[in-house]
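Counting begins at 1 with the first residue of the sequence. Note that the structure is predicted; figures quoted are calculated from it, not measured.
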Amino acid sequence: SRRDTASLEVVDVNDLIVGSAEILRRMIGTDIDLVMVPAPVPLPIEVDPSQFEQVLVNLAVNARDAMPDGGKLTVADTPYTVDDMADDALLPPGNYVKLSVSDDGTGMTSDVRDRVFEPFFTTKETGEDSGLGLSTCFGIIKENGGDIRVKTALGEGTTFDVFLPITSKPAPASVDV
């Protein structure tokens with residue numbers, strides 16, 4: 001299949017998560033409290049903003065599905081530094097944004113957790129879901145030099161941690177009209 005070309009921009013992750021709050025609220029419904037916790041400092045990354053929003057939406061929809069009786073969805077970002085390979089074997093040394101999307105839903109078994117990023121894997125009934133949401137997130141994040149990890153336990157909720165490299169490129173200047 002054809003791949004769309006990403007339109008990379010230097011953006012502050014804080015702006016992206018705050019700017020996505022309205023669409024996330026619509027996607028998760030009124031039974032789930034959405035808590036946004038942007039970092040107190042700018043966290044510039046170079047990413048296609050629509051792809052970043054797609055990652056947030058996919059993670060939020062999965063969280064919603066894990067909380068059929070309502071609950072709390074928290075989206076937070078913070079700086080994350082890898083000083084050497086001993087710090088984090090999966091990320092090269094550097095400065096990253098750690099974006100955490102956490103829910104207090106049903107959680108996952110270890111078998112499900114181990115397969116969650118596989119294309120077409122789903123825990124839903126046949127015909128309900130394509131099973132492409134989390135594998136799409138995985139691909140977008142890897143394409144942008146990052147990593148995604150999942151922490152979960154049955155009955156204890158789930159946290160997806162997304163790591164994306166902070167860029168030193170300057171953000172474009174705002175133009176007042």
Side-chain angles (χ1 to χ4, degrees), residues 6-67 70-83 87-88 90-105 107-108 116-117 133-134 136-153 156-177:
S7 178
L8 299 179
E9 297 177 28
V10 176
V11 290
D12 184 351
V13 173
N14 295 315
D15 294 339
L16 292 176
I17 65 171
V18 170
S20 68
E22 187 175 325
I23 192 169
L24 294 181
R25 280 190 178 84
R26 284 196 307 263
M27 298 295 294
I28 63 175
T30 57
D31 292 344
I32 298 173
D33 293 324
L34 177 63
V35 178
M36 307 294 265
V37 186
V41 296
L43 297 171
I45 60 172
E46 187 173 21
V47 68
D48 181 325
S50 64
Q51 286 186 342
F52 186 88
E53 185 176 273
Q54 182 178 5
V55 168
L56 280 176
V57 166
N58 286 344
L59 294 175
V61 166
N62 276 282
R64 176 201 66 202
D65 294 348
M67 298 183 284
K72 180 177 166 185
L73 173 64
T74 304
V75 179
D77 65 349
T78 186
Y80 181 84
T81 300
V82 178
D83 290 329
D87 283 350
D88 191 321
L90 299 175
L91 291 171
N95 294 313
Y96 295 84
V97 171
K98 177 182 174 184
L99 172 74
S100 299
V101 178
S102 304
D103 68 65
D104 59 4
M108 299 178 226
V116 78
F117 298 116
L134 292 176
T136 298
C137 290
F138 182 86
I140 289 169
I141 292 160
K142 289 295 188 177
E143 276 181 15
N144 285 281
D147 195 28
I148 183 170
R149 300 162 192 180
V150 60
K151 295 180 283 195
T152 188
E156 295 183 20
T158 301
T159 298
F160 284 92
D161 289 323
V162 174
F163 300 87
L164 290 167
I166 291 177
T167 186
S168 57
K169 292 182 180 178
S174 297
V175 178
D176 293 331
V177 265

For V82 and Y96: C-alpha separation, side-chain torsions, deciding distance, then whether side chain to side chain contact (heavy atoms under 4.5 Å, CB included) applies. CA-CA 8 Å; V82 178; Y96 295 84; 3.9 Å; yes
Distance only, no hydrogens: is a donor on one side chain within 3.5 Å (strictly under) of an acceptor on the other, for D48 and S7?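 On atom types as modelled, these side chains do not qualify, holding no pair under 3.5 Å.
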Look up atom [atom1] in [X] and atom [atom2] in [Y], then write down how far apart they are to the nearest 0.5 Å.
X    : Y    : atom1 : atom2 : answer
L16  : E9   : CG    : CD    : 9.0 Å
T74  : D104 : OG1   : CG    : 7.5 Å
N14  : L99  : CG    : CG    : 10.0 Å
R25  : L73  : CZ    : CG    : 10.0 Å
I140 : E53  : CD1   : CD    : 11.0 Å
N95  : D83  : CG    : CG    : 8.5 Å

What do the steps show when you test L59 against V162 for side chain to side chain contact (heavy atoms under 4.5 Å, CB included), and what is the final call? CA-CA 10 Å; L59 294 175; V162 174; 4.1 Å; yes
Check against side chain to side chain contact (heavy atoms under 4.5 Å, CB included), L134 and N62: CA-CA 8 Å; L134 292 176; N62 276 282; 3.7 Å; yes
Short question: side chain of [X], backbone of [Y] - any donor-acceptor pair under 3.5 Å?
X    : Y    : value
T158 : T152 : no
D31  : G70  : no
R64  : M27  : yes

Less than 4.0 Å between a side-chain N and a carboxylate O, is that true for D161 and K151?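 Result for this pair is yes, salt bridge flagged.
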Got a salt bridge between K98 and D77, using NZ or NE/NH1/NH2 to carboxylate O under 4.0 Å?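 Salt bridge between K98 and D77, a charged N being under 4.0 Å from a carboxylate O: no.
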Shortest non-hydrogen separation from [X] to [Y] and the atoms involved:
X    : Y    : value
V13  : I45  : CG2-CD1, 3.4 Å
I141 : F163 : CG2-O, 4.1 Å
M67  : G105 : CG-CA, 3.4 Å
S102 : T159 : OG-OG1, 2.9 Å
P42  : D12  : CA-OD2, 3.5 Å
N58  : C137 : CB-SG, 3.4 Å

